[in-house]
Every structure is written in C-alpha cells, then in structure tokens.
Amino acid sequence: MRTSTRKPTRLIDFIREDVVGHRFTDDRLPRTYEVQSFSDLNAWFADVLRTMEQSNVESWRTHHIATIRKIRNRLSNMRNGVRGW
C-alpha cells in the first residue's frame, strides 16, 4: 500500500519542483513549457501523454502512464473549484 502512495507523490513533487513556474524542456516533448496556470499544466500533461501513446511506452521519467493520468485527473478536478487559474 505504501508504494502506491509514493508514486503519485513523486510525480507531484517533480511537477512542483521542475515544471510549474520553470522553463521545462524534454527532448521527447514537442516544445518548451512555462506552466503558470492549470491550462498550461493541462497542455503539458496532454503532450506528455500523447508522446507516450505515440511512442507506445508505459513510463516517462520513471512515472507510469496510469500514474500520470491519475494525477492529471485529480488536478483537473481541483481546477473546477479554483477561480483565476
């Protein structure tokens, strides 16, 4: 049970430390990202997932596709309750 809670936490930490509020690039992704809003974050998630699906891979930077989808869905649900993002 512990392992399942660590994986989403690692992904959230990565997003917080390396993606949100920073210039983020990855050779596998189509562009450079400057995530400042939920819309920007949603675009980043969409490109990560699209790239994974097109490459037929199940993990990106050690994060499994199911974990990425799970966190994207949870953050998208939060967006509905936050104005200004």
Side-chain angles (χ1 to χ4, degrees):
M1 195 82 159
R2 282 180 142 173
T3 304
S4 65
T5 58
R6 288 183 188 162
K7 291 178 185 179
T9 301
R10 279 189 234 141
L11 178 58
I12 291 169
D13 289 344
F14 169 76
I15 292 168
R16 184 185 70 234
E17 294 168 6
D18 295 333
V19 179
V20 175
H22 304 280
R23 282 182 65 91
F24 180 81
T25 60
D26 184 294
D27 292 340
R28 295 164 285 191
L29 298 178
R31 63 186 180 93
T32 298
Y33 301 85
E34 293 188 36
V35 175
Q36 301 294 326
S37 67
F38 274 109
S39 294
D40 296 341
L41 186 58
N42 191 48
W44 178 83
F45 272 116
D47 285 348
V48 168
L49 292 168
R50 186 178 310 108
T51 298
M52 293 176 72
E53 291 164 355
Q54 290 173 349
S55 302
N56 200 30
V57 296
E58 291 190 13
S59 65
W60 177 79
R61 292 186 171 223
T62 74
H63 306 290
H64 192 272
I65 194 167
T67 303
I68 295 169
R69 284 186 180 126
K70 180 180 189 176
I71 296 303
R72 180 187 190 190
N73 289 338
R74 289 190 177 167
L75 292 175
S76 293
N77 289 338
M78 285 177 52
R79 178 183 184 206
N80 296 333
V82 179
R83 290 186 174 256
W85 267 67

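Keep in mind that the numbers below use all heavy atoms, side chains included, and drop hydrogens, waters and symmetry copies.
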Enter the distance from [X]:[atom1] to [Y]:[atom2] here, rounded to the nearest 0.5 Å.
{"X": "Ile65", "Y": "Arg69", "atom1": "CD1", "atom2": "CZ", "answer": "3.5 Å"}
{"X": "Ile68", "Y": "Leu49", "atom1": "CD1", "atom2": "CG", "answer": "6.0 Å"}
{"X": "Arg28", "Y": "Arg61", "atom1": "CZ", "atom2": "CZ", "answer": "6.0 Å"}
{"X": "Leu29", "Y": "Asp27", "atom1": "CG", "atom2": "CG", "answer": "9.0 Å"}
{"X": "Leu11", "Y": "Thr62", "atom1": "CG", "atom2": "OG1", "answer": "8.5 Å"}
{"X": "Glu34", "Y": "Thr25", "atom1": "CD", "atom2": "OG1", "answer": "11.0 Å"}

Between the main-chain N or O of Phe38 and the side-chain N or O of Asn42, is there a donor-acceptor pair closer than 3.5 Å?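 Between the backbone of Phe38 and the side chain of Asn42 there is no qualifying donor-acceptor contact (under 3.5 Å).
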Ring-plane angle category for Tyr33 and Phe24, please: parallel below 30°, perpendicular beyond 60°, tilted otherwise.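 It falls in the tilted class, 30° to 60°.
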I need the minimum non-hydrogen distance between [X] and [Y], along with the two atoms involved.
{"X": "Ile71", "Y": "Pro8", "result": "CD1-CB, 3.5 Å"}
{"X": "Phe45", "Y": "Leu75", "result": "CE1-CD1, 3.9 Å"}
{"X": "Ala46", "Y": "Arg72", "result": "CB-NH2, 3.8 Å"}
{"X": "Pro30", "Y": "Thr51", "result": "CD-OG1, 4.1 Å"}

Show every salt bridge (Lys or Arg N to Asp or Glu O under 4.0 Å) that has at least one partner inside residues 35-48, sequence neighbours left out.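 Sorted result for residues 35-48: Arg31-Asp47, Asp47-Arg50.
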Contact between Asp26 and Trp60 at the side-chain level, heavy atoms closer than 4.5 Å - yes or no?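 When only atoms from C-beta onward are counted, Trp60 and Asp26 do touch, with a gap below 4.5 Å.
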Any Lys/Arg nitrogen of Asp13 or Arg10 sitting under 4.0 Å from an Asp/Glu carboxylate oxygen of the other?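 Judged by the 4.0 Å cut-off on N to carboxylate O distance, Asp13 and Arg10 do not form a salt bridge.
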Tell me whether the count of non-hydrogen atoms from other residues, nucleotides or ligands lying under 6.0 Å of CD in Glu58 goes above 12.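 No.
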